[in-house]
Amino acid sequence: MPELPEVEAARALIERAALQREIAVVDDGDTYVCRPHAPGELADALTGRTLTAANRIGKSMWVETDEGEGPTLGLHLGMAGRIIIDGAHAGDPLSAAESREAEEAGGHPDPRLSGDPAWARFTVEFADGGRLVLFDKRRLGRAVLNPDLTHLGPDAAEISAADFRARVGRGDAPLKARIMDQSVLAGVGNLLADEALWRAEISPVRPAGELDDDELNRLRRAIRATTRDAIRLGGVHTGTLIEHRRRDGHCPRCGAPLVRAQVGGRTTWWCPEEQR
DNA sequence: CCATATGTTAAAAG
DNA sequence: ACTTTTAACATATG
């Protein structure tokens, strides 16, 4: 279930494997994933064109066609989306069952990794026979033409310290809700938020406007470090707090029992001793 | 059957 | 008018 690091991996995969290939066939028949488009609209707009650049802000991707001459293809992985290109995949991590099957397949791509038809929500087939699939069990991902990205704040991995302080350090909402608001800051999801707040040793329930400059700087650094590590290690689920929370329910640093509660509408874990 | 799920967003509430 | 919270979305998994 992808956050900024997983989406960046998907963007990089598209950049590496899907550019400069002519589009021959497009399946945009899932009217929920492709809403508000009618079936055939993406196909009509994209067929015959070539993908020429893959971009990202936060969790939103957009792919240029024909060097910017054609329409833009917007892609969002939602809660469970994965990009699959000729058997290579990025985005939603493999489930335990999928990993097992992939291993048993012995190096050959599991058919599901090539895009089980039941979960292939949007498909671009290239003239050379290969394909790009938006694979998404939950159908909360999106594929749209010319996506509107104006409501997104600056990317969480790129934002400057001054901009971060000005945008995050205000309002009465809980800090965690503030950093997960994609119009404030783009890319932080539920797990990245918990991991970064734990690293910065700041409570998720503090009103955002209450933080001082030092705390805001610490939080920005923690978000950047967590993002970098997650990209390197393969996903936000590799985070230290994330791996420990359900295992023993204790803080990996000090051993105190972790607190679990709803904050900003999502399940949140934190160390009540260290995170103030 | 029940609870949970890493995202977004319209609607309701304040 | 603006900010914050809640509920709904579609579906899978333990």
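A, B, ... follow the sequence lines: proteins, then strands. Residue 1 opens every chain. Only heavy atoms go into these numbers, but all of them, side chains included; no hydrogens, no water, no symmetry mates.
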Nearest-angstrom distance from the residue atom [atom1] of [X] to [atom2] of [N]:
X        : N      : atom1 : atom2 : answer
A/Ile57  : B/dG7  : CD1   : C1'   : 17 Å
A/Leu191 : B/dT4  : CG    : P     : 16 Å
A/Arg170 : C/dC2  : CZ    : P     : 12 Å
A/Asp136 : C/dA10 : CG    : C1'   : 9 Å
A/Met180 : B/dG7  : CE    : P     : 5 Å
A/Leu75  : B/dT8  : CG    : C1'   : 16 Å
A/Leu152 : B/dT9  : CG    : C1'   : 13 Å
A/Asn190 : B/dT4  : CG    : P     : 13 Å

Span that lies between the P atom of C/dA7 and that of B/dA3, in whole angstrom
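Comparing P positions in B/dA3 and C/dA7 gives a spacing of 15 Å.
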For the residue pair A/Arg11 / A/Asn55, report whether a side-chain donor-acceptor contact shorter than 3.5 Å exists.
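The criterion, which ignores hydrogens and geometry beyond distance, is not satisfied for A/Arg11 and A/Asn55.
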Quiz question: by atom type and distance under 3.5 Å, do the side chains of A/Thr50 and A/Gln20 form a donor-acceptor pair?
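Distance-only check fails for A/Thr50 and A/Gln20.
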Using a cut-off of less than 4.0 Å, is there contact between a side-chain N or O of [X] and OP1 or OP2 of [N]?
X        : N      : value
A/Arg260 : B/dT4  : yes
A/Ser95  : C/dA12 : no
A/Arg266 : B/dT4  : no
A/Trp119 : C/dA12 : yes
A/His76  : B/dT8  : yes
A/Lys137 : C/dT13 : yes
A/Arg246 : B/dT4  : no

Base, sugar-phosphate alone, or nothing: which one does [X] contact when heavy atoms must sit under 4.0 Å apart?
X        : result
A/Arg35  : nothing
A/Gly189 : sugar-phosphate
A/Asp92  : nothing
A/Pro5   : nothing

Of the non-hydrogen atoms in A/Pro272 and A/Val259, which two are nearest, and what is the gap between them?
CG-CG2, 3.5 Å
Can you get from A/Val236 to A/Leu13 by hopping between Ile, Leu, Val, Met, Phe, Trp and Tyr side chains that sit under 4.5 Å apart?
no
With side chains defined as the heavy atoms from C-beta onward, is the minimum distance between A/Met61 and A/Ile83 less than 4.5 Å?
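Yes - at least one pair of side-chain heavy atoms lies under 4.5 Å apart.
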Quick one: which residue pairs count as a salt bridge (charged side-chain N to carboxylate O under 4.0 Å, His left out) with a foot in residues 175-187 of chain A, not counting sequence neighbours?
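The answer is A/Lys176-A/Asp194.
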Contacts under 3.5 angstrom, residues 41-48 of chain A side chains, donor-acceptor by atom type, not counting sequence neighbours:
from, atom 1, to, atom 2, distance (Å)
A/Glu41, OE1, A/His37, ND1, 2.8
A/Glu41, OE2, A/Ala38, N, 3.2
A/Thr47, OG1, A/Ala43, O, 2.6

Donor-acceptor pair under 3.5 Å, A/Arg138 side chain vs C/dA10 base:
yes
Represent DNA chain C in dot-bracket notation, 5' to 3'. Only Watson-Crick or G-U wobble pairs with both distances under 3.5 Å count; pseudoknot-style crossings use [ ] and interstrand partners use |.
.||||||||.||||
Closest to the [X] side chain, choosing from [options]:
X        : options              : answer
A/Gln182 : B/dT8, B/dA5, C/dT4  : B/dT8
A/Arg139 : B/dT8, C/dA10, C/dT4 : C/dA10
A/Tyr32  : C/dT4, B/dA5, C/dA10 : C/dA10

Is there a side chain to side chain contact (heavy atoms under 4.5 Å, CB included) between A/Arg56 and A/Asp155 once you walk through the steps?
CA-CA 9 Å; A/Arg56 178 191 63 76; A/Asp155 188 81; 2.7 Å; yes
In this structure, SG of A/Cys251 is separated from CD of A/Gln275 (nearest 0.5 Å) by 7.5 Å
